[in-house]
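Computed from a prediction, not measured in an experiment: that's the story for all the values here.
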Protein chains: 2
Amino acid sequence: MEQQPVTMSDVARAAGVSVTTVSYVLSGKRPVAPATTEAVQAAVARLGFRLNTVAQSLRTGRSSTAALIIPDIANPFYAELARGLQDALRRERLHVVICNTNADRAEELSYLDDVVRRRLDGVVITPQWLVTDDLDPLRAAGIPVVVSADTELSDLDVVRADSREAIDQAVAHLAERGHRRLGMVAGPTGTPNGDPRLALYRAAARRHGLALPADLVVRGKHTREAGAAALRRMMSRAQPPTAVVCVNDRSAIGVLEAAEDTGLRIPSDLALIGHDDIEVASLTRPRLSTIRYPAYEVGSTCGRLLLERLDGRVDPVEVALRTRFVPREST
Amino acid sequence: MEQQPVTMSDVARAAGVSVTTVSYVLSGKRPVAPATTEAVQAAVARLGFRLNTVAQSLRTGRSSTAALIIPDIANPFYAELARGLQDALRRERLHVVICNTNADRAEELSYLDDVVRRRLDGVVITPQWLVTDDLDPLRAAGIPVVVSADTELSDLDVVRADSREAIDQAVAHLAERGHRRLGMVAGPTGTPNGDPRLALYRAAARRHGLALPADLVVRGKHTREAGAAALRRMMSRAQPPTAVVCVNDRSAIGVLEAAEDTGLRIPSDLALIGHDDIEVASLTRPRLSTIRYPAYEVGSTCGRLLLERLDGRVDPVEVALRTRFVPREST
DNA sequence: ATGAAAGCGCTAACAC
DNA sequence: GTGTTAGCGCTTTCAT
């Protein structure tokens, strides 16, 4: 048998006070006589009362829940990011709902809509296809948004990677080892991480005298399968690359596997560099060289910004987290 | 400037009908004249109305949100499980909040409490320290719980691994290769996965004539560090093992790394078997042999059970997912 | 086919 | 220091 939940007025009755007093005992937002406090607490304990957060939310307009909108929680990068975010938001007892979009624009929009309907307190999003205007409904509703992406976004809190130096080092590293033809497994066109990273690689390649020809830039999803397919495509070119850089570690792992299958040895036949340095990257053999972008820290930084914003900060903030080139056996 | 949210009575006024009608147009729970429907929909669109889910929840007592209570979303096993759960719950437009407990009992309890306060619709939990009684408040509140664990639990929906055969095969495999002394990196004592698995290994070892002495059973967390420490401890025994089985893949990876550091070659000096088969397990070199327990499927099964329960099923269901021994290079 | 009105359980003026 | 009361925005019963 399912019991009636105990409400605040039950507690009030049991303690011989008004609901107001019960509310204030619980919130501490106004002084209450010690004896009263005690009586209320006793009643709360005796009846097993738990405040109904839904009613509280309706009244206050705050749900103490934030949304994290990402392509896929099963991608270790986002899982680590989620962990960082949750740890940062825990102090304020904020819950986090995870929204997996599969990098699909319709899903991204649908979750944003959900956020408004549910009056969530804030959103952290790693957008794949969204444009700034898509966030208008959130602005209108006064819901803070923190974006994690490498693109320029006006008037928003942004956490992004500053990979200029790291990419330059990586390319220099390749140049030193005699590489002259670079291939890149980039993200889908128009995606907020792929394009900026590609641009950085282009610039670095130019600086260090490497070619990065258009037919060696392969677009695709951030998956192992896409990485493997990309490599096969590159190697079928008239002039295949001697070194490949990947938009993230998952695709780099795909490249690694496809290379193995083809009998290509890494790094002797092909140098390989990933991005992100998820935990797995250190487990592959040969070890994956990578541009390290610490996911946990990205998440906790997003959380910090969100909390500040909820606390009343109004000016948008942009945080650039410096990435680091981690050479390993594979270059 | 933050706008006033548009409410249902705004829509009603704009459409020249009552809120009742607006509500019914939206829910479709009673017939409405086509002309009226149209007028309402037009008003909804024109004003950009979004139903306030919080108010709806307060009224109906359902929040269309479920909680997933796990030790750590950054552990790939749980991330994959989470993905499976979310995909299963998406059809019903249920949100999932992720609760990381760090395998801490107090955190587990605190999140359960949260669930009741927030009137969440259901819980999926992979308990580490909870006992059945801890779930009483949820029963009282009529909140369905689905448990993912290998322990016996009365009167609850449970998804568990049936590893009897797989473990027997794994041990037989070791026996065939001449192993006689087995070590085990088990989970913490009293934990719902470690103990049953240990018992299965004990039984299988007995059947196949392998020793699994008490001083080669090392308890610890499900982490790489714990796995590494466990191996060092085992190897310092007077009679070290020739084969090691691990309660999960993460600890197996730790063992792998510690073995490398010690100069032990796997599998020639030491055979190694993990559990779970998270994506990473296929990336290590030597490849990790493992008892495969498909996390995604665990999650989606939990989701299915939860939905059924929300739909009115009352009898508890136990689903045993058969695991499979996947021998790879490391045994 | 539609509407009036009573809450769901809380918070926070505004009294006293 | 404490209480009365008016909502927050919906759903749903009961009328019409």
**Q** Just by distance, with hydrogens left out, do A:Arg118 and B:Ser57 show a side-chain donor and acceptor under 3.5 Å apart?
**A**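 There is no such pair (donor and acceptor under 3.5 Å, judged by atom type) between the side chains of A:Arg118 and B:Ser57.
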**Q** Ignoring hydrogens and geometry beyond distance, is a side-chain donor-acceptor pair present between B:Tyr78 and B:Asn100 at under 3.5 Å?
**A** no
**Q** I want to confirm an ordering. Mapping A:Thr37 and B:Leu51 to their closest nucleotides on DNA chain D, which one lands closer to the 5' end?
**A**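 Whichever sits nearer the 5' end wins; that is A:Thr37.
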**Q** Under 4.0 Å from OP1 or OP2 of C:dA12: is there any side-chain N or O of A:Lys29 that close?
**A**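 Yes, A:Lys29 has a side-chain N/O under 4.0 Å of OP1/OP2 on C:dA12.
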**Q** Report yes if at least one side-chain N or O of A:Thr7 is closer than 4.0 Å to OP1 or OP2 of C:dG9; otherwise report no.
**A** no
**Q** Map every base of DNA chain C to its dot-bracket character, where paired means a Watson-Crick or G-U wobble contact with both distances under 3.5 Å and | marks a partner outside the strand.
**A** ||||||||||||||||
**Q** Kindly indicate, with the supporting measurements, whether the criterion salt bridge (charged side-chain N to carboxylate O under 4.0 Å, His left out) is fulfilled by B:Asp114 and B:Arg117.
**A** CA-CA 5 Å; B:Asp114 253 11; B:Arg117 298 181 124 78; 5.3 Å; no
**Q** On the nucleotide C:dG3, are OP1 or OP2 found under 4.0 Å from the side-chain N or O atoms that B:Thr20 carries?
**A** no
**Q** By the 4.0 Å heavy-atom rule, please label B:Val17 as base, sugar-phosphate, or nothing.
**A** sugar-phosphate
**Q** Quickly work out the A:Leu58 CG to D:dA6 P distance and round it to whole Å.
**A** 17 Å
**Q** Measuring to OP1 and OP2 of C:dT11, would you say a side-chain N or O of A:Ser23 lies under 4.0 angstrom away?
**A** yes
**Q** What is the distance from OH of B:Tyr24 to P of D:dC14, rounded to the nearest Å?
**A** 11 Å
**Q** Does A:Gln56 place a side-chain N or O at less than 4.0 Å from the phosphate oxygens OP1/OP2 of C:dT11?
**A**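 Yes, such a contact exists.
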**Q** Using a cut-off of less than 4.0 Å, is there contact between a side-chain N or O of B:Thr36 and OP1 or OP2 of C:dT2?
**A** yes
**Q** Go through C:dA6, C:dC10, D:dT13 for me and flag the one nearest to the B:Arg59 side chain.
**A** C:dA6
